[in-house]
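For ligands, and for the atoms within them, numbers begin at 1 and follow the listed sequence. One is the number of the first residue; the rest follow in order along the sequence.
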Amino acid sequence: MAKPHVQILLIEDDEDDYILAEDSLTHLPEWQVELTWASNAEDGMALLDSQHFDLCLLDYQLGKVTGIDVLKQIKDRDINTPVVMLTGQADKAIDEAALFAGATDYLLKSDVDSGRFVRTIRYALARRDTERERLERQKAESANRSKDRFLAHLSHELRTPLSAILGYTELLLSKQHSTGSTELNAILRNGRHLLSLLNDVLDLSKIAADKLELTPSQTQFHGLLNEVVALTHALALEKKLALNLRSLTPIPVEIFVDTTRLRQVLINLIGNAIKFTQSGRVDVEVEVIDDKSHSQLHIAVRDTGIGISDAHLRKIFQPFEQVDDVVHKTEQGTGLGLAICAELVQRMGGYIHVESEPGKGSCFSILLPLTESIDQPRKMLEHHSDEYRYQLQQAEPMVGKVLVVDDMEDLRSMMQAQMSACGIQAVGACHGLDAIKKVKESLDSAPFDLIFLDLHMPVMDGYSAIKELRTLMPDIPIVALTAATLKGRAEQLLSIGFTAMLGKPMERRVLLENLQHYLQPPQLEDFNQTQVTKKLLLVEDDCDAAQATAAMLQLYGCDVDIASTAADCLDMLNQATYHRLVVDLGLPDMDGLQLISEIRKTNPSVEVFILSGSDVEQTTLKQFNIAQHYQKPLFGEQIKRLSE
Ligand code: ADP
């Protein structure tokens with residue numbers, strides 16, 4: 001076998017010593033040495049500067065200069081060739097100085113033809129290899145860091161103009177008071193599509209960099225399923241498709257999962273099923289498959305659409321596959337959605353599967369392990385398939401402040417979202433005690449106009465809460481929410497102080513009717529001056545995005561000032577008092593987090609929200625005492641939260 005090639009530079013002013021070294025180096029058993037000789041320090045440095053060497057043997061005494069001086073120059077010029085110092089006689093002080101100056105090793109000239117020389121070279125070369133690996137790793141890490149920074153920046157840059165586009169469009173649509181204009185809806189639809197593409201590309205780059213993390217939590221599963229179907233139902237209605245959700249077996253009420261990511265997967269699958277089906281139906285079926293050893297959750301999304309060919313099926317979960325088809329395609333999409341779904345499901349410990357017959361339809365199913373949620377109580381899904389028939393019905397704008405008290409977070413936020421779409425300020429509470437606290441807080445500033453109160457809740461149920469609520473607000477309408485609408489129940493509830501009773505889950509139509517019954521239609525001036533309660537400072541350098549966000553916040557009754565730089569922000573904080581700050585992290589004159597730490601010096605308790613184009617770590621949020629982080633662009637729901 002050929003011996004490995006090693007390039008060695010010898011810096012040595014004595015020709016005899018050079019000949020001696022050359023003789024022993026050319027006879028080394030392990031390497032094929034190519035020796036270059038420099039007879040003085042200057043030539044040696046020039047060679048090190050211009051050529052690659054695996055090792056440098058450096059004489060200590062080089063005329064006027066010493067090897068230590070040369071070592072210093074090597075260090076100064078960032079040359080990382082390992083250097084072995086050659087000394088005439090054993091001198092501990094010189095050895096130490098050489099090692100201190102950066103030499104890898106030292107060697108007596110009399111040892112040049114001994115086994116010790118071979119060991120020294122072997123050691124120096126091994127050190128060189130480790131050092132090279134370290135540098136490569138460092139370079140790769142720094143390249144990765146630059147890539148992450150670039151992606152965060154790009155994402156921010158793309159989301160900022162989208163904030164302005166989506167924000168203004170939502171605002172204009174909400175001011176139309178009627179069915180809205182086709183053009184505005186087209187802008188909104190396309191803007192949202194652009195945002196979802198951006199999210200897909202970012203997700204995929206996170207997956208590629210192994211940076212995608214799931215954050216599972218206890219999730220109201222029934223609520224999540226209903227919400228996802230509600231969200232996609234409008235699309236199905238547009239195409240006159242039936243969209244049905246049902247459980248085939250009792251399914252857990254709660255599961256331990258990353259809610260946002262499961263929602264993303266389900267919306268993608270149902271969205272695709274609707275997108276690729278021209279007539280017929282889309283069925284979402286959920287069941288638990290109990291095995292001897294473990295239980296699994298099976299969610300199937302079945303459509304009667306165009307189906308998928310065998311060739312396509314084989315690569316359907318691979319990213320960018322749709323690109324092949326780009327010329328013939330009639331539907332929008334990047335072909336990233338399913339690849340992301342597959343990755344997400346896999347990270348949840350599950351499995352995604354598809355069966356399809358061209359011309360007949362497809363069935364995408366996911367199987368998720370139920371390990372964490374195995375002991376959860378199970379129930380059949382309560383769902384009325386015509387519940388969402390009214391989804392497209394445009395709600396009349398209304399004015400008022402409503403408290404929704406329900407421990408099912410998904411149902412609560414769905415009701416809140418439906419109300420805020422009508423211009424109502426909807427606040428959520430998760431149990432009776434929370435409701436009482438929120439009502440007490442509201443009494444001095446802006447009291448509620450209506451309360452929806454669930455009966456069965458942890459901590460304090462609706463029966464106990466109504467007593468206290470009635471003493472706080474004797475005349476306010478309080479509507480009971482109950483799943484069990486038994487005969488005689490309504491009378492019983494009215495007798496303990498409720499104004500009315502509604503069955504759960506509540507149809508949107510019923511909710512709208514109740515809101516119209518209990519709340520006022522808006523007067524023109526309401527849009528300009530609804531309860532100005534919060535003074536808010538928005539720190540955003542992009543003028544359009546800032547104006548759009550401010551306009552939305554004003555619609556919810558906030559008094560908003562805009563600062564376009566960190567310096568402006570600090571100035572304005574000196575001149576006025578703000579309840580809440582919303583800070584964009586990408587500011588021109590100072591890093592957003594640095595600005596927040598400046599603000600904290602004088603305003604330790606002001607509530608700060610941050611906006612950015614990418615994820616922010618939990619530890620950072622805690623460190624800077626940040627109330628909430630929102631990714632741009634801000635949507636109606638988030639705007640509402642900021643205005644509360
Ligand atoms: P896209 O964002 O392009 O829809 P997906 O990864 O979600 O990307 O889907 C990739 C492709 O798989 C789609 O473009 C379509 O050709 C096919 N596909 C996905 N779901 C279905 C379905 N339910 N019926 C027919 N084809 C489908």
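- With respect to the salt-bridge test (charged N to carboxylate O, under 4.0 angstrom), the residues D303 and K360 do not qualify.
- When non-hydrogen atoms are compared, ligand 1 lies under 4.0 Å from the side chain of N268 (C-beta onward) but not from its backbone.
- Looking at every heavy atom in both residues, M590 comes nearest to A566 through CB-CB, 3.6 Å.
- Between R261 and D203, at least one side-chain N (NZ, or NE/NH1/NH2) sits under 4.0 Å from a carboxylate O, which counts as a salt bridge.
- Taking 4.0 Å as the cut-off, F364 counts as a neighbour of ligand 1 on heavy-atom distance.
- For L338, heavy-atom contacts with ligand 1 shorter than 4.0 Å involve the backbone as well as the side chain.
- For ligand 1, the polar-atom distance check finds no N/O of D200 at less than 3.5 Å from any of the ligand's N/O atoms.
- Residue V301 does not touch ligand 1, judged by heavy-atom distances below 4.0 Å.
- Near A273, meaning under 4.0 Å from one of its heavy atoms, ligand 1 places the atoms 23 (N).
- With hydrogens and angles disregarded, no donor-acceptor distance shorter than 3.5 Å links the side chain of D290 to the backbone of S295.
- Within the 3.5 Å criterion, the main-chain N or O of M380 finds no donor-acceptor partner in the side chain of S247.
- The part of D303 lying near ligand 1 is the side chain, judged by heavy-atom distances below 4.0 Å.
- Closest approach of S362 to S356, counting heavy atoms only: OG-OG, 3.0 Å.
- Applying the 4.0 Å criterion to heavy atoms of I316 picks out, from ligand 1, the atoms 12 (O), 17 (C).
- Atoms of ligand 1 lying under 4.0 Å from at least one heavy atom of G307, given by number and element, are 25 (C).
- One N or O on the side chain of K239 and one on the backbone of T277 form a donor-acceptor pair closer than 3.5 Å.
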